Peer 1: 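Quick one: structure below, then a few questions.
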Amino acid sequence: RGSKAVTRHWKAMHFQRQKLMAVTEYLAPRPAVPPRCLAPRKERAEEDNGYVRLLRRQVEEVFRNNRMIAVCQYNSMPGEDVVLMRHYLRKHNIEVKFVLNEIVRPVLSQSKYKNLLPLFVARNILLVSPEMKVKEMLRVLKGVPQINLLGACIDNTILSRKGVENFAKLPSLEATQGQTVGALALLPSQTFSLLQRSSAHLMALLDQHIRQLQAGEMGNPTEPTPAQSSGTH
């Protein structure tokens, strides 16, 4: 059998036909409203289970029962260092709370502490205490570089890191009260001494005048005082 010649080789489309195909190409119609202008679909809110509600209730109790709540950024550190840090903080009645952002953010968004929301971005921990142990907390955190203080809420007042450091430099409440009482007691004593000075001076002058009169009646003139003697010269 003789071989047949292959006559169907690939051949470029004619230029006129290319133009015709490009003109007759189907183009889908554009939507009347751009997709970016359409309202996003409302996602169906998932119902919280009992465990999530329990965790949120615990976060609410932490913010309600403690006067000092410090928000810190937590970086990875060995477990032994975590135990040692918690031990040193517990000596000063400071507890460490590990919280999740998806738990604490909904709680803060509906409370008076919503200004703390920008701090809960990465992995965070809370250092809480029913007392204002700011100096002790900063002293312990100084030796733990993996824990970075971001801010705190002390006595319902939100402070930045710099504000917490300035708060730690303030004197104690007892010392401040003592200084205030001393300052308040000094003013009445000065006023009393000023009021008594005129009357005491008047009584001294009257006593001197009485002694001079008594000495004159007895015939013994009193010696001139230094002021009188200096006036005669």
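Since this is a predicted model, take the numbers as computed values, not measurements.
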Peer 1: How close do Leu141 and Cys72 get, heavy atom to heavy atom, and via which atoms?
Peer 2: CD1-SG, 4.2 Å
Peer 1: Assess the side chains of Gln208 and Arg211: does a donor N or O sit below 3.5 Å from an acceptor N or O?
Peer 2: yes
Peer 1: Do Glu165 and Arg161 pass the salt bridge (charged side-chain N to carboxylate O under 4.0 Å, His left out) test, and can you show the C-alpha distance, the side-chain angles, and the key distance before you say yes or no?
Peer 2: CA-CA 6 Å; Glu165 295 175 354; Arg161 177 186 177 90; 3.5 Å; yes
Peer 1: Over all heavy atoms of both residues, which pair between Ala152 and Ala70 is shortest? Give the atoms and the distance, please.
Peer 2: CB-CA, 3.8 Å
Peer 1: Would you say Leu100 and Ile69 are hydrophobically clustered, going by side-chain heavy atoms of ILVMFWY under 4.5 Å?
Peer 2: yes
Peer 1: Would a distance-only check, ignoring hydrogens and angles, find a side-chain to backbone donor-acceptor pair under 3.5 Å from Gln73 to Leu150?
Peer 2: no
Peer 1: Would a 4.5 Å heavy-atom cut-off, applied to side chains only, mark Leu127 and Val96 as touching?
Peer 2: yes
Peer 1: Heavy atoms only: give me the nearest Lys133-Ser129 pair and the separation to one decimal.
Peer 2: CG-OG, 4.2 Å
Peer 1: Is any side-chain heavy atom of Arg86 less than 4.5 Å from a side-chain heavy atom of Leu89?
Peer 2: no
Peer 1: Which distance, rounded to the nearest 0.5 Å, do you find between the CG of Asp155 and the CG of Asn66?
Peer 2: 11.5 Å
Peer 1: Do Glu95 and Val62 come within less than 4.5 Å of each other through their side chains, counting heavy atoms only?
Peer 2: no
Peer 1: Please report the C-alpha distance between His209 and Leu213 in whole Å, then the side-chain angles of each, then the deciding distance to 0.1 Å, and finally whether the side-chain contact (heavy atoms from CB on, under 4.5 Å) criterion is met.
Peer 2: CA-CA 6 Å; His209 183 64; Leu213 293 177; 3.5 Å; yes
Peer 1: Can you check side-chain contact (heavy atoms from CB on, under 4.5 Å) on Glu102 and Val52, steps first, answer last?
Peer 2: CA-CA 9 Å; Glu102 54 268 21; Val52 173; over 6 Å; no
Peer 1: Measuring from Cys153:SG to Lys112:NZ, what's the distance to the nearest 0.5 Å?
Peer 2: 7.5 Å
Peer 1: Mind checking the NE2-NZ spacing from His14 to Lys19? Nearest 0.5 Å is all I need.
Peer 2: 10.0 Å
Peer 1: Just by modelled atom types, is the Met132 backbone N or O under 3.5 Å from a matching donor or acceptor in the Arg67 side chain?
Peer 2: no
Peer 1: Roughly how far apart are Leu108 CG and Glu60 CD, rounded to 0.5 Å?
Peer 2: 9.5 Å
Peer 1: Nearest 0.5 Å, please: how far is CG in Leu159 from CE in Met68?
Peer 2: 11.5 Å
Peer 1: Would you name the heavy atoms of Gln146 and Met77 that are closest together and state the gap between them?
Peer 2: CG-CB, 3.9 Å
Peer 1: For Arg17, does the CZ atom sit with more than 12 other heavy atoms under 6.0 Å from it, leaving out its own atoms?
Peer 2: no
Peer 1: Strictly distance-based, threshold 3.5 Å: is any side-chain N or O of Asn101 a donor or acceptor partner for the main-chain N or O of Arg123?
Peer 2: no
Peer 1: Under 3.5 Å, is there a donor-acceptor pair between the side chain of Asn124 and the main chain of Leu119?
Peer 2: yes
Peer 1: Should Val121 and Val59 be regarded as members of a common hydrophobic cluster, given that ILVMFWY residues are connected when their side-chain heavy atoms come within less than 4.5 Å of each other, either directly or indirectly?
Peer 2: no
Peer 1: Does the side chain of Asp81 come within less than 4.5 Å of Val144's, by heavy atoms?
Peer 2: no
Peer 1: When you look at CE of Met21, are more than 12 heavy atoms from neighbouring residues, nucleotides or ligands closer to it than 6.0 Å?
Peer 2: no
Peer 1: Any side-chain heavy-atom pair from Val71 and Leu126 closer than 4.5 angstrom?
Peer 2: yes
Peer 1: So, taking the atom named CD1 in Ile210 and the one named CG in Leu205, what distance separates them when rounded to the nearest 0.5 Å?
Peer 2: 11.0 Å
Peer 1: Using the salt bridge (charged side-chain N to carboxylate O under 4.0 Å, His left out) criterion, which residues pair with Arg139? Sequence neighbours excluded.
Peer 2: none
Peer 1: Not counting sequence neighbours, which residues clear side chain to side chain contact (heavy atoms under 4.5 Å, CB included) with Leu55? List them please.
Peer 2: Tyr51, Gln58, Ile103
Peer 1: Under a 4.5 Å cut-off applied to non-hydrogen side-chain atoms, are Val164 and Met137 in contact?
Peer 2: yes
Peer 1: Between Leu84 and Glu80, is any pair of side-chain heavy atoms under 4.5 Å apart?
Peer 2: no
Peer 1: Got Asn166 and Lys162 here, is their nearest side-chain heavy-atom distance under 4.5 Å?
Peer 2: yes
Peer 1: Using the ring pair (Phe, Tyr, Trp, His ring centres under 6.0 Å) rule, collect all pairs that involve residues 91-146, keeping only residues at least two apart or in two chains.
Peer 2: Phe63-Tyr113, Tyr74-Phe98
